[in-house]
Structure formats: structure tokens, C-alpha cells
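Basis for what follows: all heavy atoms, side chains included, without hydrogens, waters or symmetry-related copies.
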Amino acid sequence: MMKKVFILAAAVLMMAGCQNKNAEQKEHLRCVEVIKPQPLSGESVLTYSGKVKETKQVNVAFKTGGPIDKIHVRVGDHVKKGQLLAEIESSDYMLGVKNYEAQYKQLKSEVERIKVLYERKSVSQNDYEKAVTGLKQLEVALQSSHNKVKYCKLYAPSDGVILAVNYNPSELVDAGMAVFSLLEDTELQVIFDIPASVYQDQEQFERFYCLAAFEPEKRVPMTLATITPKADGNNLYRVYLDFKGNADKRFTPGTSVQVEIYSKPSDNGQHYVSVPLRTICQREAEPFVWGINPDSTLRKQVVTIASLESQGNARISSGLDGTETLVRAGASTLQEGEKVRILDSNSQTNIGNQL
């Protein structure tokens, strides 16, 4: 009788131990919050990072050579069209002008005398024409000498900013050597890159805006200038946007901006869904999300990110059909096939949906 009592007691203890172990295993299941992908319908908004860029940078050079006498601007100076930038020593060119002026004055008097003799039939027509031709040639040489004096002063070809001053006073330069690099600020563009999946949908683009840090709530309307038809090494296409009208003076070359593309629904059969960025993991350069099977185990689903949307979401072009249940956050610590416990969205331990 006592033996049966001991056996019964041992069985009860074993059952209790198994129950405690099962309860312990259940307690160690990771708790996850889940979401459903949102199918994109109607007008969509894609967000990219871009930069303001000048449309033209020019090298400014003298039309004649010589030692630099004066430089009137420095790097960073804003200049106006026609503003004097630098001067070349012009004394030698002035001597050339005086020499040609003296020759021209003398030859002109000689031609006037020959003309009188020609009218009196005292000289031949050939001699008279030679004298007139010589005077015209000397007139051209005198004008060229005057031009060289004028070319000793270098003026800004347009409004802009001096990016570089390549020479110093007393240095010798030849005609055509770039003395200054001028960044023209009359026209600015915004440039950014888009992936191939978005490039294929460019016919759906409707409106463009850019936002800058100095006024983050203001959307500046833009117009599409062009999209390069050839992708770069990262399979990205460069997009160029123009400002509508005059750009705000606070937009300067190099300014970082956020670009928004508003698109109408695609009619090419491509299906997109939207998920929060924190849902996506990346291992070995392959983005993926964790889907949850009916038995609460995890499965890895590789996705293709078409673009980033506003408010921290990603636009997914493949890998999801919108019916999946996905882990909303904390996905980087999970493993394939791991069993999890789905957290109630109204859980008191997840106040504010921070998980």
C-alpha cells in the first residue's frame, strides 16, 4: 500500500514539473506587435534626398596675355555682370597704340596727297589703290592695338560667385588661361536619384516639390527638367528639377533638400504596398521582413524597396501582396522559424505603440 502511495506521489510531481516547464517555455516566447501592409491606391507620394546645383560654371580668362597688375575680387565674392575683376599691365600695349597712331597719321596725310595727284592724273590708279589699301591695313592694326588695351581689363560675364582665383598679381598669363572660376547663380536646379522601379513609372509623375531645412513646412513647387535615360553603377537614374520662377535666395548651390514626387496610380500592373521602415531588416545586403505563420512561427520574406515615402514608410514593389501579418518592430533580433507570442495592440505594456 505504501509503495502505491509513493508511486502516485512521484507521478504527481512529474506532471507538475512538466506543467511548470511548459509554462516557463511559454513565458520565454518573444512578444511581438504586428501590422498589415497597406496597399497603395490613389495618388502616392515618394520622398528622396536631393541637392541644389548650379546649372553653369564658367572659367573667366583674359583675351590677351601679360603680367597681372591688379585683382579686384576674392574667393566667395558675389559679383555682378560687367563688374571689373582684374587688370593686366597695359603699358606695352599703350606704346603699341601710340606707334600705330603716329604711323596712321603720317600715312593718312600721304594718301590725301596721292589722292590729289591721282585726280590730276599725275600718279597711276595702281599707286593710288596701293596707298589706300596700306592705310586700311594700318587702320585695322591700330584698332587691334586699341582692343588689346581694352582686353587688359577683365569683367564678369554674368552674375555669380567667385569659386577660385587661380593667379596672383605679377604672375604672367596668356590669352585664354582661366584666371577665375565663376559660379553663375542666375539659374539653379535640384538633382536627386531614383531607382529603376520608379523610373519605369515616370509617366505617372504629376507634381514635384522640394523642402529645405530653413523652412521645413514650405513646399516649393518644381518642374521636371529631365531624367537621364541611362542608369549609373548603382542602377539609379538622375532627375533634374527646375524652380518655378525665381528661386528663394536662401537656396544656394550645395543646399540639401527633401524632394517629394506626387504620382497618380500606375496602370502598368505593378502592385505596391507600404510598410514602416522599422519593419524592414537587412542582412547580407538583402532587405526582408518577418512574416508570421498561422502557428505563430516566423518566416523570412525578401522584399524589394522601390522608394522611401513620407512619414517614415517604405514603398515595396515585390515580396508582399498586402495580406501578410508582419512583425512591426524589433525584427533585427528575431530568427527564422522562431515561435513568438503576438502582443495585443492595446496591451498595457505597449503604451503608445512604441514596440
Side-chain angles (χ1 to χ4, degrees), residues 53-189 225-226 253:
K53 181 183 180 296
E54 73 285 354
T55 57
K56 193 175 181 181
Q57 180 177 328
V58 296
N59 292 322
V60 186
F62 285 101
K63 291 184 178 181
T64 189
I68 296 178
D69 184 27
K70 297 177 182 178
I71 292 180
H72 299 285
V73 294
R74 296 179 297 179
V75 173
D77 285 354
H78 290 260
V79 297
K80 297 293 184 181
K81 182 178 180 179
Q83 180 177 334
L84 181 62
L85 303 180
E87 299 178 61
I88 280 180
E89 173 57 51
S90 62
S91 56
D92 290 341
Y93 294 111
M94 290 298 297
L95 290 175
V97 170
K98 291 180 180 180
N99 178 46
Y100 282 119
E101 283 179 342
Q103 293 183 44
Y104 180 79
K105 184 177 180 180
Q106 180 183 1
L107 185 57
K108 186 177 182 181
S109 298
E110 184 67 19
V111 170
E112 289 176 352
R113 186 181 66 82
I114 294 175
K115 181 180 179 182
V116 173
L117 294 176
Y118 170 71
E119 291 173 348
R120 294 176 181 178
K121 308 296 183 181
S122 298
V123 296
S124 67
Q125 181 178 353
N126 185 52
D127 290 339
Y128 172 69
E129 289 178 351
K130 283 183 179 179
V132 172
T133 301
L135 181 64
K136 289 182 178 179
Q137 290 175 342
L138 194 57
E139 185 178 358
V140 171
L142 177 59
Q143 183 60 50
S144 176
S145 187
H146 276 295
N147 288 343
K148 288 182 178 180
V149 173
K150 183 175 66 174
Y151 295 156
C152 287
K153 292 186 177 182
L154 184 60
Y155 299 93
S158 62
D159 295 353
V161 179
I162 300 296
L163 289 183
V165 179
N166 301 320
Y167 295 93
N168 297 312
S170 300
E171 289 190 280
L172 187 66
V173 295
D174 289 331
M177 295 176 64
V179 180
F180 303 98
S181 290
L182 177 67
L183 181 66
E184 294 187 347
D185 59 6
T186 52
E187 294 183 13
L188 296 175
Q189 288 183 319
T226 186

*asked:* Let's go through L135 and Y104 carefully: what are the C-alpha distance in whole Å and the side-chain angles of both, what is the deciding distance for side-chain contact (heavy atoms from CB on, under 4.5 Å) to 0.1 Å, and is it a yes or a no?
replied: CA-CA 7 Å; L135 181 64; Y104 180 79; 3.5 Å; yes

*Hey, mind stepping through H146 and E101 against side-chain contact (heavy atoms from CB on, under 4.5 Å) and telling me if it holds?*
CA-CA 10 Å; H146 276 295; E101 283 179 342; 3.6 Å; yes

*So K136 and E139, salt bridge (Lys or Arg N to Asp or Glu O under 4.0 Å) or not? Walk me through it.*
CA-CA 5 Å; K136 289 182 178 179; E139 185 178 358; over 6 Å; no

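One distance of note links CD1 of I71 with CZ of F180; it measures 5.0 Å at 0.5 Å rounding. In this structure, CG in D69 is found 9.5 Å from SG in C152, a value given to the nearest 0.5 Å. Between the CD atom of Q137 and the CG atom of L107 there is a distance of 9.5 Å, given to the nearest 0.5 Å. Here the straight-line distance linking atom CG of L138 with atom CD of Q106 works out to 9.5 Å at 0.5 Å rounding. For the atom pair CD of E87 and OH of Y155, the computed distance is 7.5 Å after rounding to the nearest 0.5 Å. With rounding to the nearest 0.5 angstrom, the CD1 atom of I114 is 11.5 Å from the OG atom of S122.
Residues Y128 and K115 have side chains in contact (heavy-atom distance under 4.5 Å, counting atoms from C-beta outward). Side-chain contact between H72 and L85 is absent, with no heavy-atom pair separated by less than 4.5 Å. Contact of the V132 side chain with the V111 side chain is registered, since non-hydrogen atoms from C-beta on lie closer than 4.5 Å. Put simply, the side chain of I88 reaches to within 4.5 Å of the side chain of V173, judged on heavy atoms. No side-chain heavy atom of Q83 sits less than 4.5 Å from a side-chain heavy atom of H78. Side-chain contact between R74 and V165 is absent, with no heavy atoms from C-beta onward closer than 4.5 Å.
Other residues, nucleotides and ligands contribute over 12 non-hydrogen atoms within 6.0 Å of the CD atom of E171. Atom NZ of K81 has 12 or fewer neighbouring heavy atoms from other residues, nucleotides or ligands inside a 6.0 Å radius.
Not counting sequence neighbours, V140 has no partner by the side-chain contact (heavy atoms from CB on, under 4.5 Å) test. Not counting sequence neighbours, A175 has no partner by the side-chain contact (heavy atoms from CB on, under 4.5 Å) test. Scanning for side chain to side chain donor-acceptor pair (under 3.5 Å) contacts around N147 gives Q143, with sequence neighbours left out. Here E129 pairs with Q125 under the side chain to side chain donor-acceptor pair (under 3.5 Å) rule; sequence neighbours left out. Residues meeting the side-chain contact (heavy atoms from CB on, under 4.5 Å) test with V149, sequence neighbours left out: Y93, M94, V97. In this structure, the side chain to side chain donor-acceptor pair (under 3.5 Å) partners of S91, at least two apart in sequence or on a different chain, are E89.
Considering every non-hydrogen atom in both M177 and Y167, the closest pair reads CE-OH, 2.7 Å. The nearest pair of heavy atoms linking S124 to Y118 is O-CD1, 3.9 Å. Summarising the geometry of N59 relative to S181, their closest heavy-atom pair is OD1-OG, 3.3 Å, with the distance given to 0.1 Å. Shortest non-hydrogen contact noted between A61 and G176 is CB-C, 3.5 Å. Here the closest heavy-atom approach between residue V58 and residue P157 is recorded as CG2-CG, 4.5 Å.
Checked against V60 for a side-chain contact (heavy atoms from CB on, under 4.5 Å), the options L154, V179, I162, N166 give a single hit: L154.
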